[in-house]
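In what follows, chains are A, B, ... by sequence order, proteins preceding strands, each numbered from 1. Side chains included, hydrogens not; waters and symmetry mates left out as well; all remaining heavy atoms used.
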Protein chains: 2
Amino acid sequence: MIFDMLDKRSKQVLQAVVQSYINNPEPVGSRYITKKYAVGCSPATIRNIMADLEDFGFLSQPHTSAGRVPTDKGYRFFVDSLGAMEESRAQSEMSKEFAQQFMIRLEAIKDDISMLFSEVTNTLSALSNYVSIALPPKPEKTTFNRIQLIKYRRNIIVAILLTDEGVFRNRSLTAPEGVTQDDLDRIADYINTEYAGLTLDEIKKTLVQRIKYEKVLWDKLVNKAIEICEQALYFAEDDVFVSGLYDVMDLPDFSDISHIKELSRAIRDKHMMLKLLEELSDAEGVKVVIGNENPIVNLKGLSVVTTTYKEGERPMGVIALIGPRRMDYSKAISMIDMVAHCVSRTLGG
Amino acid sequence: MIFDMLDKRSKQVLQAVVQSYINNPEPVGSRYITKKYAVGCSPATIRNIMADLEDFGFLSQPHTSAGRVPTDKGYRFFVDSLGAMEESRAQSEMSKEFAQQFMIRLEAIKDDISMLFSEVTNTLSALSNYVSIALPPKPEKTTFNRIQLIKYRRNIIVAILLTDEGVFRNRSLTAPEGVTQDDLDRIADYINTEYAGLTLDEIKKTLVQRIKYEKVLWDKLVNKAIEICEQALYFAEDDVFVSGLYDVMDLPDFSDISHIKELSRAIRDKHMMLKLLEELSDAEGVKVVIGNENPIVNLKGLSVVTTTYKEGERPMGVIALIGPRRMDYSKAISMIDMVAHCVSRTLGG
DNA sequence: ATTAGCACTCAAGGCGAGAGAGTGCTAATG
DNA sequence: CATTAGCACTCTCTCGCCTTGAGTGCTAAT
């Protein structure tokens, strides 16, 4: 294991370097460490240790006569050792209080899923100064409550899909000729009694099957209706909540505009983003992906912290924070954890 | 009038300077003008003219030995003279073709107001490389079609507001005790027959009055229902569509991150933004606001081009482009004009 | 009125010296 | 034998100096 390569003092030094670099993005020198962190030995000794740490790949030098900078491996060690001393994540009084305030705000808007997640990402990015992303509950995790079909104007049908987690989606569709509101009501009734309590994903599958083998039996109208429902169930991929791109520009790491561009493009590339986040969404607890560990090429210079919110034990969706590699992992982890818990409790209750 | 201060050749030179600076953001010198633009005189003459133009306040020099740069007044002249030679805005073959394609895309999504306006801003910013903003039809301009109240879960009411311009808004509200779906249907029926064809604004006013003097007559339930409707009619100010912040970063004008920040903040400050845009929204045709003409302090380094889309003759809402002061006004104006016409035709038909 | 010619101004870029921060190595030390 | 003081060395950063070049304004000639 990675931890065994280092004696206690080396670990201390490594943590000191990472912490210092997180606080202030400048290469950190041996003298600085002896002054700021009580390691109890001289700069020369630190230099030796640092040279070792560099050999092991935890640190690197921008140039020969500069201090050391953490590598991805260095950050990885730092993050893993954060997890080891779990108690540091115990919530402070202040954050507990904040969580309560936050819960109250969430409760007030829990029935509008998009307001809810806007609030979540806004809060998270305001707290952390990093970019925050949230995915609403995935269709396969969302329970169907009922569908409402409304006819209006000449030949438009509006389908409103309600789930147990809040209003979800309304789509409008072109109606076939001669459909009356009564027809729509009957269709909706049928679907509501038939499918209540199933997840959207299950419904989707069932619907497709029905269409296949009942095509001949049912009349055109119902056929069309099923199509309508399927479309209504279709999940637009732009249902991703992003916030904090502005705040992040204040970080020194993004003083160069090319970095902002990179990040923007990564976020805009929602397909990619979704894939990454969904991959991580099965995991328990908070996950951290550092720099090059990241499979998305535009994100290689950045780190991602993700977790899931749940209903009971069932993970429902993903929340993520994206920031520079030298992000304040400790803070980011506890923030996202707190927020995820609040969301879980709000949706679950 | 501003036009009379200058003889024909001075105008030519001024236009040449502005055009050149728009194409390439570097101070333009006298020699360059004689080479690139056929003015028919020597650099020395141009220098004299430029000195005059500077005296009049149309041009300025970054430093003594540099070329000239347009001032806001210079741009203003340029834009106004664009308007004068209207024929230049006649659509080219290519843009006509594009407009047709665009119309087809709009038709396909016209019934979902948010998809529609997302498409509009995306297209506009992709075409122009500037930030585009669109406001959906204002409540006072939007015609009520019907409202649908749905009860679900314990005590939640979902109100879906349909307008003649597309599905508009769904809000969820806490229901008073003991309301049944039948009650809600009756209330909705009442409102639908009573208010069909009115604008949302008119309805709002009427509702408030009703509450006042019918309070004693009606039972609590209907009272509550009216409140519900009022809430449903409430217009969240975050219904602003913005796009193109990423594209704009590629412009040399925004190579400095502080400019991006400025722009971001201006956009985030939606109150301000809305106020500005609404102010301009009564105007006929395309309006241009240049640099310091702008009342919003964060926008003083930028220019805004706005226009309205209409239903028949009635202006419905605003579309805007925000870019650097040296934006390609000619292109921006014709683009936004084209898009606005397409939106008008789509919503009107 | 226009233009050629010329002196002048100023930003930008290249160069070199000096300062400063930090290292690695060696030899002394407890 | 691990630790440390001392020292030479390396590299970046900054400042000032100079040169270059683009562009001007003025004056005198056309």
Side-chain angles (χ1 to χ4, degrees), chain A residues 5-14 16-21 23-71 74 252-253 255-256, chain B residues 5-14 16-21 23-71 74 252-253 255-256:
Chain A
M5 302 171 67
L6 305 175
D7 59 30
K8 198 180 157 200
R9 201 173 52 187
S10 303
K11 288 181 193 172
Q12 266 183 38
V13 172
L14 178 50
V17 172
V18 175
Q19 188 61 59
S20 163
Y21 194 71
N23 295 338
N24 181 5
E26 270 161 28
V28 10
S30 54
R31 203 176 129 77
Y32 183 82
I33 286 193
T34 59
K35 283 217 165 178
K36 274 276 191 173
Y37 300 83
V39 202
C41 56
S42 76
T45 312
I46 302 290
R47 277 203 285 283
N48 289 330
I49 296 174
M50 280 170 129
D52 292 347
L53 288 172
E54 185 167 359
D55 288 342
F56 284 132
F58 292 110
L59 299 177
S60 74
Q61 272 180 307
H63 54 89
T64 27
S65 73
R68 299 306 205 292
V69 161
T71 60
D253 312 73
S255 59
D256 186 2
Chain B
M5 302 171 65
L6 305 175
D7 59 30
K8 197 179 157 199
R9 200 174 52 186
S10 301
K11 289 182 193 173
Q12 265 183 40
V13 172
L14 178 49
V17 172
V18 176
Q19 188 60 60
S20 163
Y21 193 72
N23 295 338
N24 182 7
E26 271 162 28
V28 9
S30 54
R31 203 178 130 76
Y32 183 81
I33 287 194
T34 58
K35 283 218 163 176
K36 273 277 190 170
Y37 300 83
V39 202
C41 56
S42 77
T45 312
I46 302 289
R47 276 203 287 281
N48 288 329
I49 296 175
M50 280 171 130
D52 291 346
L53 287 172
E54 186 169 358
D55 287 342
F56 285 132
F58 293 110
L59 298 178
S60 75
Q61 272 180 308
H63 54 89
T64 25
S65 73
R68 297 309 204 291
V69 161
T71 61
D253 311 73
S255 61
D256 186 1

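- Distance His63(A) NE2 to dT10(D) C1': 9 Å, rounded to the nearest Å.
- Atom P of nucleotide dA1(C) and atom CZ of Arg9(B) are separated by 11 Å, given to the nearest angstrom.
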- prompt: Nucleotide by nucleotide, 5' to 3', does protein get under 4.0 Å of the base (B), only the sugar-phosphate (S), or neither (-) in nucleotides 12-30 of chain C, counting heavy atoms?
  reply: ---------BSBB------

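- The closest side-chain heavy-atom distance from Val69(A) to Pro62(A) is below 4.5 Å.
- Looking only at side-chain heavy atoms (C-beta outward), Glu54(A) and Met50(A) stay at 4.5 Å or farther from each other.
- At whole-Å resolution of the value, CD in Glu26(B) and P in dA11(C) are 16 Å apart.
- With values rounded to the nearest 0.5 angstrom, Ile33(A) atom CD1 is found 12.0 Å from Thr45(A) atom OG1.
- Counting only heavy atoms from C-beta outward, the side chains of Phe58(A) and Val17(A) never approach each other to under 4.5 Å.
- Sequence neighbours left out, the pairs with a member in residues 26-41 of chain B that pass side chain to side chain donor-acceptor pair (under 3.5 Å) are Ser30(B)-Arg47(B).
- With Thr71(A) contributing its side chain and Gly57(A) its backbone, the two residues share a donor-acceptor pair below 3.5 Å.
- Consecutive Watson-Crick or G-U pairing (both distances under 3.5 Å) extending over three or more pairs maps onto DNA chain D as C:1-30 with D:1-30.
- Remark: Thr45(A) is in phosphate contact with dT4(D), judged by side-chain N or O atoms under 4.0 Å from OP1 or OP2.
- A pairwise comparison of heavy atoms in Leu53(A) and Ser10(A) identifies CD1-O, 4.0 Å as the closest pair.
- In this structure, the separation between NZ on Lys11(B) and CD1 on Ile49(B) is 13.5 Å, given to the nearest 0.5 Å.
- Atom CD1 of Ile49(A) and atom P of dT3(D) are 7 Å apart (whole Å).
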